[in-house]
Amino acid sequence: MNLDRSVSVERFPRPGETIIGSDVRVDNGGKGANQAVAAARLGAAVRMIGAVGDDADGTRLRAGLESEGIDAEALLVAALPTGAAFITVDGGGENSIVVAPGANHALTSDDVAHAWGRAPDVTLAQLEVPAAAVLAAMQRPARLRVLNPAPGRPLDEALLASVDVIVPNRVELATIVGGAALADLNAVAGAARELGVTSVVVTLGGEGALVVEGKTVVQVPAIDVPVVDTTAAGDSFCGALAVALGSGKDIEAAVEFAVACAAFTVQRRGAQASLPRLADIT
């Protein structure tokens, strides 16, 4: 749960350099909240477990979830500032992000257990909260458990063993397996198999996504669209993937739907402001 502040520039600054950007835009964000909103706009009933501060930003983020029809009763109010993200978007739509986690790091495994309620069809988790909280979520009852391992970091075996579908990008996958940059799709597929997760979906930006299930590898191509801002594209993809899998689609069809949602998102500026509704895709 972060409040995003973003600025557009022609190019990213070099170390020690000051450049002039556009006016600052403020948007509700955070990987978990973005994915919750993405899923809700696509028709899912969503419950969000997370943490905000006892401040105006926290109030704004909670209200934003509730305005999307998301159950926000499980949000912890922590004695820390609400999380913040500082985003720079270059002329090609690529972004560079620094996150100050704030209240996100106050979420505990006990908070997750206390807030859980009935078992969901799909649990979707990210890594902007402590590892213990993520593990607690992945080990609670659910029909399907999906993990977006972002921001990328090494993962312990207990977490990987509790996941049904993992959705890293190419850089995050390399970080998890502790290897070098994954320059080609064969290397990506090989690294994906190392995780030992039933289904691995690697997002590849302009190359689409790669689905790896054992020896089976399927590339789902990207949709060629003008890129304005890649912020929240991965979150749009993950929320859409969770909705599609929860509705019974097979993994390849679910990834195709997720690719279409991400393609819509990159054509618009902002995080939650850029997420599609079902009518936008169908």
Side-chain angles (χ1 to χ4, degrees), residues 1-2 4 29-42 44 46-50 70 83 85 95 97 99 101 104 107 112 120-140 142 144-156 158-177 182 188 191-192 195-205 208-212 220 230-246 251 254-255 257-259 261-262 265-266 271-272 274-275:
M1 299 284 295
N2 296 326
D4 292 351
K31 290 185 181 298
N34 292 346
Q35 292 176 23
V37 170
R41 288 187 181 176
L42 296 170
V46 180
R47 178 177 174 84
M48 175 74 190
I49 299 175
I70 295 168
N95 63 52
I97 304 175
V99 172
N104 292 296
L107 192 69
V112 172
D121 288 329
V122 181
T123 298
L124 175 59
Q126 315 75 29
L127 300 183
E128 285 189 337
V129 296
V134 178
L135 180 60
M138 289 289 100
Q139 292 183 332
R140 301 294 296 180
L144 191 69
R145 300 170 182 88
V146 181
L147 176 66
N148 173 218
R153 65 188 186 214
L155 304 179
D156 64 37
L159 180 56
L160 287 171
S162 67
V163 173
D164 300 302
V165 183
I166 189 167
V167 193
N169 64 25
R170 194 192 309 246
V171 174
E172 291 154 358
L173 178 59
T175 299
I176 295 167
V177 301
L182 304 171
V188 171
L195 300 181
V197 176
T198 302
S199 299
V200 183
V201 179
V202 186
T203 57
L204 302 169
L210 200 70
V211 182
V212 182
V220 177
T230 58
T231 303
D235 297 330
S236 180
F237 184 101
C238 290
L241 182 70
V243 170
L245 292 173
I251 188 72
V255 171
F257 178 68
V259 165
C261 290
T265 296
V266 301
Q272 290 174 23
S274 68
L275 299 172

What pairs with Val122 under side chain to side chain contact (heavy atoms under 4.5 Å, CB included), at least two apart in sequence or on another chain? Leu144, Val146, Ala242

For Val134 and Ala125 the tightest heavy-atom approach is CG1-CB, 4.2 Å

Could I get the full list of side chain to side chain contact (heavy atoms under 4.5 Å, CB included) partners for Ala262, not counting sequence neighbours? Phe237

Sequence neighbours excluded, the answer for side-chain hydrogen bond (donor to acceptor under 3.5 Å, both in side chains) partners of Ser162 is none

Do the side-chain N and O atoms of Asp164 and Thr198 include a donor-acceptor pair separated by under 3.5 angstrom? no

Under the rule for side chain to side chain contact (heavy atoms under 4.5 Å, CB included), what residues qualify as partners of Leu160, not counting sequence neighbours? Leu155, Ile166, Val197

Kindly say whether Val167 contributes a backbone atom to a donor-acceptor pair with the side chain of Asn148 at under 3.5 angstrom? yes

Pairing residues for Arg140 by the salt bridge (charged side-chain N to carboxylate O under 4.0 Å, His left out) criterion, not counting sequence neighbours: none

List the residues meeting side-chain hydrogen bond (donor to acceptor under 3.5 Å, both in side chains) with Thr265, not counting sequence neighbours, and say none if there are none. Ser236

Under the side-chain hydrogen bond (donor to acceptor under 3.5 Å, both in side chains) test, residues paired with Gln272 that sit two or more places apart: Asn34

Under the salt bridge (charged side-chain N to carboxylate O under 4.0 Å, His left out) test, which residues partner Arg153, sequence neighbours left out? none

Going by the rule side-chain hydrogen bond (donor to acceptor under 3.5 Å, both in side chains), which residues pair with Ser199 if we only count those two or more places apart in sequence or in a different chain? Glu213

Heavy atoms of Pro168 and Ile176 approach each other most closely as CB-CD1, 4.5 Å

Quick check: does any side chain N or O of Arg170 sit under 3.5 Å from a backbone N or O of Leu182, one acting as donor and the other as acceptor? yes

Set of residues satisfying side chain to side chain contact (heavy atoms under 4.5 Å, CB included) with respect to Ala254, sequence neighbours excluded: Leu241, Ala244, Leu245, Lys249

